[in-house]
Amino acid sequence: MSDGTHQLKQAVAQAAMDHIESWLTPDAVIGVGTGSTADLFIDCLCQKRHLFQAAVASSERTANRLREGGVTVVELNDIERMPVYVDGADEINGSLEMIKGGGGALTREKIVASVAERFVCIVDASKRVDCLGQFPLPIEVLPMAVGAIKRFAVSIGGQPAIRDGVVTDNGNPIIDVSGLSINDPVGLETALNQLPGVVTNGIFAIRKADIALVASAEGVLTLT
């Protein structure tokens, strides 16, 4: 990561902290995503750990970082409500639909996002696109479904490849599909969800972001 990119990610992480601070109450449980930008947000959040009760992590990596920073980590099944979930994205379009899963945590990210009352996406400007698909679409699958899902990906014009050496926190492989132009994110997300053996796909369109904070050299832009 270049110094310039790191500075943008740091700026948007701090902007997210400022944005959600009013939701940090003594009984609040905050959802936290996974990835390099989320890591920087976690560092900011840990400094405010006295203002909220606990956090739900979207990966073991995130859980470990939160605990190291003194934040109590709880299981999603043990809470009743979550006011906000903060996470990055690999791509985001003008409708705040995203591709996520470059860090391999797409299933748990999607579950946590589905529970949150608000989803705040934090990215640098390089992640903004007009049409999703420039970033390879991750699909977590059960091992016995790899061949079938790869054939489906080819049938819709994609080039699928198993992510080498990667097993998710759930014990499954990830297929990355390149070469797609995703003009109907909700439609493709729905179609993939219906394929036997797909655990989760990395299109976040059915549950898209409510707010995107986008960092550029000119500052942090808020998109809704």
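Keep in mind it's a predicted model, so treat the numbers as computed, not measured. In what follows, residues are counted from 1 in the order of the sequence shown.
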Student: Evaluate the side-chain proximity of Leu40 to Ile122: yes if any heavy-atom separation is below 4.5 Å, no if none is.
Tutor: no
Student: Roughly how far, to the nearest 0.5 Å, is the CG atom of Asp124 from the NZ atom of Lys9?
Tutor: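 Lys9 atom NZ to Asp124 atom CG measures 6.0 Å (nearest 0.5 Å).
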Student: If we ignore hydrogens and angles and just use 3.5 Å, is the side chain of Asp87 paired with the main-chain N or O of Thr34 as donor and acceptor?
Tutor: yes
Student: Please report the interatomic distance NE2(His50) to CZ(Phe52), rounded to the nearest 0.5 Å.
Tutor: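 One finds 9.5 Å between NE2 of His50 and CZ of Phe52.
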Student: If we ignore hydrogens and angles and just use 3.5 Å, is the side chain of Arg65 paired with the main-chain N or O of Asp39 as donor and acceptor?
Tutor: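 Here the side-chain-to-backbone pair exists.
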Student: Can a donor-acceptor pair be found, under 3.5 Å and without considering hydrogens, that links the side chain of Asn172 to the backbone of Leu142?
Tutor: no
Student: Is any side-chain heavy atom of Met82 less than 4.5 Å from a side-chain heavy atom of Val112?
Tutor: yes
Student: Side chains of Arg108 and Thr168, heavy atoms from C-beta outward: is any pair under 4.5 Å?
Tutor: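 Answer no - side chains too far apart.
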Student: For Cys131 and Ser181, work out which heavy atoms get closest and say how close.
Tutor: SG-C, 3.9 Å
Student: Does Val120 share a hydrophobic cluster with Val220, counting links as ILVMFWY side-chain heavy atoms below 4.5 Å and allowing steps through other members?
Tutor: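 Yes, same cluster.
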Student: Do you know the tightest heavy-atom contact between Ile203 and Pro185?
Tutor: CG2-O, 3.6 Å
Student: Please check if the side chain of Lys208 supplies one atom and the backbone of Ser95 the other of a donor-acceptor pair under 3.5 Å.
Tutor: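 Pair found, side chain donor or acceptor close to backbone of Ser95.
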Student: Which distance, rounded to the nearest 0.5 Å, do you find between the CD1 of Ile42 and the CE of Met17?
Tutor: 12.0 Å
Student: Any donor and acceptor pair, going by atom type alone, linking the side chain of Arg207 with main-chain N or O of Val115 inside 3.5 Å?
Tutor: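 No; zero donor-acceptor contacts below 3.5 Å.
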Student: Does Asp169 use its side chain to pair, donor to acceptor, with the backbone of Glu60 at less than 3.5 Å?
Tutor: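 Yes.
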Student: In terms of side-chain geometry, is the basic nitrogen of Glu140 or Lys110 positioned less than 4.0 Å from the acidic oxygen of its partner?
Tutor: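 No, this pair does not count.
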Student: Between Ile92, Val86, Leu96, which is the residue that forms a side-chain contact (heavy atoms from CB on, under 4.5 Å) with Cys121?
Tutor: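 That would be Ile92; it is the only one of Ile92, Val86, Leu96 passing the side-chain contact (heavy atoms from CB on, under 4.5 Å) with Cys121.
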Student: Tell me the closest heavy-atom pair linking Ile79 and Val56, and the distance in Å.
Tutor: CD1-CG2, 3.9 Å
Student: Is there a path of hydrophobic side-chain contacts, each under 4.5 Å between heavy atoms of I, L, V, M, F, W or Y residues, that connects Ile99 with Phe119?
Tutor: no
Student: With hydrophobic residues grouped by side-chain heavy-atom distances under 4.5 Å, do Trp23 and Tyr85 end up in a single group?
Tutor: no
Student: Enter the distance from Leu137:CG to Leu132:CG here, rounded to the nearest 0.5 Å.
Tutor: 9.0 Å
Student: Output, in order, the C-alpha distance, side-chain angles, deciding distance and verdict of side-chain contact (heavy atoms from CB on, under 4.5 Å) for Ile174 and Leu106.
Tutor: CA-CA 10 Å; Ile174 290 176; Leu106 59 159; 3.9 Å; yes
Student: Ignoring hydrogens and angles, tell me if any N or O in the side chain of Asp90 forms a donor-acceptor pair with the backbone of Gly101 under 3.5 Å.
Tutor: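 Looks like yes, one N/O pair under 3.5 Å.
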Student: What about Leu221 and Val123, same hydrophobic cluster or not, with Ile/Leu/Val/Met/Phe/Trp/Tyr joined at side-chain heavy-atom distances under 4.5 Å?
Tutor: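 Yes, because Leu221 and Val123 connect within a single hydrophobic cluster, where side-chain heavy atoms sit under 4.5 Å apart.
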Student: Determine the minimum heavy-atom distance between Leu213 and Val12, stating which atoms define it.
Tutor: O-CG2, 3.1 Å
Student: Would you find more than 12 non-hydrogen atoms of other residues, nucleotides or ligands less than 6.0 Å from Arg128 atom CZ?
Tutor: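 No, CZ of Arg128 has 12 or fewer neighbouring heavy atoms, counting only those of other groups under 6.0 Å.
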Student: Just how far is it from atom CG of Leu192 to atom CD1 of Ile139, taken to the nearest 0.5 Å?
Tutor: 5.0 Å
Student: Between Phe152 and Ser155, which heavy-atom pair has the shortest distance, and what is it?
Tutor: O-OG, 2.6 Å
Student: What is the distance from atom CD of Glu91 to atom CZ of Phe204, rounded to the nearest 0.5 Å?
Tutor: 13.5 Å
Student: Is the number of heavy atoms from other residues, nucleotides or ligands within 6.0 Å of CG (Asp130) greater than 12?
Tutor: no
Student: Contact between Thr5 and Ser36 at the side-chain level, heavy atoms closer than 4.5 Å - yes or no?
Tutor: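 Sidechains of Ser36 and Thr5: no contact.
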Student: Lys100 side chain to Gly88 main-chain N or O, any donor-acceptor pair under 3.5 Å?
Tutor: yes
Student: Ala145 and Pro196: which non-hydrogen atoms are nearest, and at how many Å?
Tutor: CB-O, 4.0 Å
Student: Please answer whether the main-chain N or O of Ala205 pairs with a side-chain N or O of Glu189 as donor and acceptor at a distance below 3.5 Å.
Tutor: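 Yes, Glu189 side chain to Ala205 backbone: donor-acceptor pair under 3.5 Å.
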Student: Walk me through it: do Asp18 and Gln14 pass the test side chain to side chain donor-acceptor pair (under 3.5 Å)?
Tutor: CA-CA 6 Å; Asp18 296 341; Gln14 184 58 56; 3.0 Å; yes
Student: Where the side chain of Arg118 meets the backbone of Pro83, is there a donor-acceptor pair that is under 3.5 Å apart?
Tutor: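 Yes, Arg118 side chain to Pro83 backbone: donor-acceptor pair under 3.5 Å.
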Student: Count I, L, V, M, F, W, Y as connected when their side-chain heavy atoms are under 4.5 Å apart, and connections chain through other members. Are Leu51 and Leu66 then in the same cluster?
Tutor: yes
Student: Is the closest side-chain heavy-atom distance between Asp176 and Pro138 below 4.5 Å?
Tutor: yes
